[in-house]
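To start, the structure under review is shown below, and the notes come after it.
Within every chain, numbering begins at 1; the chains are lettered A, B, ... in the order of the sequence lines, protein sequences first and strands thereafter. All values derive from a computational prediction rather than experimental measurement. Computed from heavy atoms alone, side chains included, the values below leave out hydrogens, waters and symmetry copies.
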Amino acid sequence: MSRSMNNQELAQLLRAISAAYEVKKENRFKIIAYDRAAVAVEHATSEIKDLWDDQKLMSLPGVGPNIARHLDELFRTGKVGHFKQVMKDLPPAMFELLHIAGIGAKTAYRLCQDLKLKNPKTVVNKLIKAAKQGKIASLEGFGEKSQADILESLEEFKRGQVKKKRMTLPYADAIAQEIIDYLKKSPSVLQADPLGSLRRRVATVGDIDIAVATKKPAEVIDQFINYPKKKKLIEKGPSKASILLSGGYQVDLRVQKPEAYGSMLQYFIGSKHHNIHLRELALNKGLSLSEHGIKKRGKLTEYATEKAFYEALGMALIPPEMREDMGEIEAAQAGKLPDLVEIKDIKGDLHLHSSFPIEPSHDEGADSMETMARKAIELGYEYLGFSEHNPSLSQHSEKEIIDLLKRKKEITEQLNSSLNKFTQKTNKKPINLISGLEIDIRPNGELAYPEKGFEFLDYAIASIHSSFKMNRKKMTARILRALEHPKVRILGHPTGRKLGEREGYELDWERIFTVCRQKKIILEINACPDRLDLPDVLVREAVKSGVKMVINTDSHALDQMKLMKYGVSVARRGWAEKKDIINTLPWEELRSILNL
DNA sequence: GCCGTTTTCGGCCCGACTGTTTTCAGTCG
């Protein structure tokens, strides 16, 4: 029997059915239904196969009795008779073309049919050849321009645009800021904001979206499309424009007059699904929503702020990080929006790598404890935990390791008292330094640190840095074993993912959450922008399960201590409140949580 | 095909831009 499909593949299958229906001019709501089911599958927080095992397919919004029945057949037998029927007289190659920018179901079908392309494996190359021979332009409904556009998209696709590159947040922040600074040089730009996924603080950003409030839209659009780093103009109209930057990143601009800027912010922050849900809801009240405002019986009302826009719909302003149609609209209607944690609530950082010569198994920090501690004072923190990697086991005797940690604890204590004299003298908040360790969890779940050394640690973070490819059952057992040690208070970067590099490992989260709750283990939200781990969806699950979390920067250099805000965004996207995050607690309360 | 504190039947988000067209279809977000 073949391996069952993962969520991504399933979503693709459902999209293919939607496309097939589109070509066949089926009821358009049926087409939309399959698209929605595909979205639901993509957004699911667990494997659909597991949902099927538990007979919970219909719990997915957008999956009803029919699609559930088809998926059931798929998991049982490996194929779906109905799907086969639907796709029977369509060229298989057309589904490959759906991945090409600018080609939808209808175009894909026409091209494959008219040019007699059948094989999905060769269709891209054959179509490139056809375009170069001018065969596309001569088809009815196509022309020279569309032929050139298709050719370009195909070649981009071949160059590896399959996996569209996504930016980490700080990178996207920097690009957006540069463009905004550029736009603001024009006096016509009254206000400019980065929106879209960047504003929602999604872990990785595809396109950069910018909105501008102006009374002279044409001028702003012109200014935008003349951005010096523009590589190519994608589109330009009176109210929006898109350009491509040299890195291959797309920037979309929308302009709006100041009186209606609130509606534009709401529209352009998205997410698309949040907006669709909101519009459906509005429709029930006889209202029609758009980026221009709210229409009632054909009469448009404009909104200068988002707050006014949401209030007109009978709900409080929903924080952008929550706008993913994951229940936030219902919560807002019920007046039950959470009071999300903020950067100003953060009172310390418990995961830092100083340059203390600990001879670690992995990379050492670049800056001294003192430098980092002084930075923490500047940030207004009440505490700081140094948790370098454990000394490498192979290079040291047990005694050497214990001596190193003994020494580190002494130095931490000395620094603590000297800095307290400093804070007292300068009238600053006192800082409390603690000495911990980030200990590797070995493949068998043992901690890479001698038992006798634990008395010289204030606390330990346990993390996985090797043997990532382990199945869910083994990996869960490995981690649970490590969490048995009483000094292990924190599970570091719990999924091990590296954005754009590797997926996280699979874990039985229900069990992990249960153990964390019982043993009061704290899950880390690692703020390092290429980790952001726990991921937001799991933060949400953790919050629901009553598991506490800590937001740490995992700084290996002074400069990284400022990245805390990225971890806070993840927490906010997971609906975490102050009470869910332990490093919002004052020092005395934190102490008791860490058993200090 | 899905879905429901105004519905289990009768609805289903909204608008912008482009290319190929003489009024619109396709694609996108």
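Residue-level contact check: A/K145 touches the backbone only, with heavy atoms under 4.0 Å from sugar-phosphate atoms and none from bases. Counting any heavy atom pair closer than 4.0 Å across all strands shown, A/E144 reaches sugar-phosphate atoms only and no base atom. Across all strands, A/A282 comes closer than 4.0 Å to no nucleic acid atom at all (heavy-atom distances). Backbone-only contact: A/A101 has heavy atoms under 4.0 Å from sugar-phosphate atoms and none from a base. Counting non-hydrogen atoms under 4.0 angstrom, A/S242 reaches nothing in the nucleic acid. Contact annotation for A/L283: backbone-only contact, meaning every heavy-atom pair under 4.0 Å involves sugar-phosphate atoms and none involves a base. Residue contacts for A/E26: at a heavy-atom cut-off of 4.0 Å it reaches no nucleic acid atom on any strand shown.
Side-chain atoms of A/Q266 and A/Y310 form a donor-acceptor pair, as typed in the model, at a separation below 3.5 Å. In summary, the side chains of A/D252 and A/Q250 do present a donor paired with an acceptor at a separation below 3.5 Å, with no hydrogens or angles considered. Defined by atom type and a distance below 3.5 Å, a donor-acceptor pair is present between the side-chain atoms of A/D181 and A/Q177.
Distance check on atom C1': B/dA25 versus B/dT21 gives 10 Å, rounded to whole Å.
One donor-acceptor pair, N or O on each side, does fall under 3.5 Å between the base of B/dG1 and the side chain of A/N27.
One finds no side-chain N or O of A/Y267 lying less than 4.0 angstrom from the OP1 or OP2 phosphate oxygen of B/dC13. Between A/N66 and B/dC2, a side-chain N or O to OP1/OP2 separation shorter than 4.0 Å is present. Close to B/dG11, at under 4.0 Å from its OP1 or OP2, lies no side-chain N or O of A/K30. One finds a side-chain N or O of A/S146 lying less than 4.0 angstrom from the OP1 or OP2 phosphate oxygen of B/dT20. Applying the 4.0 Å criterion to OP1 and OP2 of B/dC17, one finds that A/S239 has a side-chain N or O inside that range. Contact annotation: A/R28 does not reach the phosphate of B/dG11 (side-chain N/O to OP1 or OP2, under 4.0 Å). Phosphate contact (OP1/OP2 of B/dC14, side-chain N/O of A/H292, threshold under 4.0 Å): absent. Phosphate proximity of B/dC13 to A/S288: absent, as no side-chain N or O sits under 4.0 Å from OP1 or OP2. Side-chain N/O atoms of A/K106 include one lying less than 4.0 angstrom from OP1 or OP2 on B/dG26. Dashed line: the shortest gap from a side-chain N or O of A/K240 to OP1 or OP2 of B/dC17 is not under 4.0 Å.
As rounded to whole Å, 13 Å separates atom P of B/dT20 from atom CD of A/E140. Counting to the nearest Å, the P atom of B/dG29 and the CD atom of A/Q266 are 18 Å from each other. Atom pair A/F142:CZ and B/dT18:C1' shows a separation of 14 Å (rounding to whole Å applied). At whole-Å resolution of the value, CG in A/D149 and C1' in B/dC17 are 12 Å apart. Computed from coordinates, the A/N284 CG to B/dC13 P distance equals 10 Å when rounded to whole Å. Look at CD1 on A/I32: it is 14 Å from P on B/dC3, rounded to the nearest Å. We find that CD of A/E22 is positioned 8 Å from P of B/dG26, with the value rounded to whole Å. Atom CZ of A/R279 and atom C1' of B/dC13 are 5 Å apart (whole Å).
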Does the side-chain hydrogen bond (donor to acceptor under 3.5 Å, both in side chains) test come out yes or no for A/H274 and A/E328, once each step is laid out? CA-CA 9 Å; A/H274 173 87; A/E328 74 281 3; 2.7 Å; yes
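A salt bridge links A/K24 and A/D89; the closest N-O separation between the charged side-chain nitrogens and carboxylate oxygens is under 4.0 Å. With salt bridges taken as basic N to acidic carboxylate O contacts below 4.0 Å, none links A/E22 and A/R28.
Closest contact between the side chain of A/R36 and the listed nucleotides B/dG1, B/dG29, B/dC13 involves B/dC13.
In this structure, B/dT7 is classed as syn because its glycosidic torsion stays within 90° of zero.
The CG atom of A/N526 sits 10.0 Å away from the CG atom of A/L563 when rounded to the nearest 0.5 Å.
Of the two residues near DNA chain B, A/I67 and A/E235, the one whose nearest nucleotide lies more 5' is A/I67.
Figure legend. B/dC12 is base-paired to B/dG1; pairs are counted as Watson-Crick or G-U wobble with both atom distances under 3.5 Å.
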